[in-house]
Amino acid sequence: LHEIAVSSFNKRYLPALFPAMERQIAQLREEGTRIWLATSSVDIIVKPLADYFGADGIIASSLEFSDGKSTGRFAGKPVFGPEKLNRVRDLASSRGIDLSCCSFFSDSIHDLPLLEAAGHPVAVNPDFKLARIAKKRGWQIVRC
């Protein structure tokens, strides 16, 4: 699965990355900002992206394995909506980080709980509902 994920990232996703976001992440890394990816995607799939950006870690859903084979089920709860916020809060708490000092970037209304908890929410190519809320609340909106 790891080899498939890396191959897929290199062939399909790497060429589709938005240069403006790549530059912003690179600038944050140069400034010493810690970068964590919090996603509903499966960790195996998002790891090549995290590696590419030099992320400090990943908060993602994980597959359950038995005898070296995926069972097709999640190991624990999927990282989605409120569960994503819970995991990010746990990480921040364990490291003494105040979420009001953090930025969170998302394109989906499903991430609203985490965007509301972050001190600097950023809507990137937001879906219709998120765009409406971001505009109303004066959040930064980035379109790539």
Side-chain angles (χ1 to χ4, degrees), residues 1-10 12-14 16-66 69-144:
L1 290 176
H2 173 73
E3 290 173 12
I4 292 169
V6 170
S7 175
S8 179
F9 173 76
N10 288 332
R12 303 189 87 192
Y13 299 105
L14 184 57
L17 292 177
F18 297 114
M21 292 310 302
E22 286 189 78
R23 287 189 298 275
Q24 186 162 5
I25 292 170
Q27 180 180 348
L28 290 168
R29 295 285 309 153
E30 287 174 14
E31 294 169 358
T33 301
R34 293 180 183 238
I35 307 291
W36 281 77
L37 301 182
T39 179
S40 301
S41 296
V42 176
D43 53 3
I44 294 169
I45 294 170
V46 77
K47 186 168 181 344
L49 177 66
D51 291 345
Y52 177 78
F53 283 122
D56 296 287
I58 303 169
I59 297 172
S61 302
S62 296
L63 295 175
E64 177 184 81
F65 285 85
S66 178
K69 296 178 183 175
S70 174
T71 65
R73 295 185 295 265
F74 287 111
K77 293 181 181 179
V79 179
F80 185 76
E83 180 62 19
K84 189 184 293 184
L85 175 58
N86 291 339
R87 300 246 191 129
V88 169
R89 278 189 175 146
D90 289 347
L91 173 72
S93 175
S94 73
R95 296 170 187 269
I97 298 169
D98 181 353
L99 286 180
S100 69
C101 298
C102 296
S103 296
F104 183 69
F105 298 75
S106 180
D107 64 350
S108 174
I109 190 66
H110 296 292
D111 286 330
L112 187 59
L114 189 48
L115 286 161
E116 291 174 328
H120 307 285
V122 182
V124 180
N125 296 332
D127 60 31
F128 176 77
K129 290 180 182 179
L130 179 57
R132 188 178 65 214
I133 289 171
K135 184 176 180 180
K136 182 178 178 181
R137 295 184 184 181
W139 294 348
Q140 181 182 357
I141 299 173
V142 176
R143 299 200 187 273
C144 305

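We count residues from 1, following the sequence as given.
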>> Using the side chain to side chain contact (heavy atoms under 4.5 Å, CB included) criterion, which residues pair with Ser70? Sequence neighbours excluded.
In response: Leu63, Phe65
> Can you tell me if CD on Glu31 sees more than 12 non-hydrogen neighbours from other groups inside 6.0 Å?
Replying inline: yes
Taking all heavy atoms of [X] and all of [Y], pick out the closest pair and write down the distance.
| X | Y | answer |
| --- | --- | --- |
| Asp127 | Leu130 | OD1-N, 2.8 Å |
| Pro113 | Gly81 | CG-C, 4.4 Å |
| Ser106 | Ser108 | OG-N, 3.1 Å |
| Val88 | Ala38 | CG2-CB, 3.9 Å |
| Ala92 | Leu99 | CB-CD2, 3.9 Å |

Taking side chain as C-beta onward, heavy atoms only, is [X] less than 4.5 Å from [Y]?
| X | Y | value |
| --- | --- | --- |
| Asn125 | Phe18 | yes |
| Trp36 | Ile58 | no |
| Tyr13 | Leu49 | no |
| Ile141 | Pro126 | yes |
| Ser103 | Phe105 | yes |
| Met21 | Cys144 | yes |

> Taking only residues at least two apart or on different chains, which pairs with a member in residues 82-100 satisfy salt bridge (charged side-chain N to carboxylate O under 4.0 Å, His left out)?
Replying inline: Glu83-Arg87, Lys84-Asp111
>> Tell me every residue that passes ring-ring contact (aromatic ring centres under 6.0 Å, His included) with His110, counting only those two or more places apart in sequence or in another chain.
In response: Phe80
>> Holding to ring-ring contact (aromatic ring centres under 6.0 Å, His included), I want the full list of residues that pass it with Phe53, two or more places apart in sequence or in another chain.
In response: none
> Which pairs pass side chain to side chain donor-acceptor pair (under 3.5 Å) with one or both residues in residues 130-144, sequence neighbours excluded?
Replying inline: Glu116-Arg137
>> Can you pull out every side chain to side chain donor-acceptor pair (under 3.5 Å) where at least one residue sits in residues 39-58? Sequence neighbours excluded, please.
In response: Glu22-Tyr52, Arg29-Asp56, Thr39-Ser41, Asp43-Ser62, Lys47-Asp51
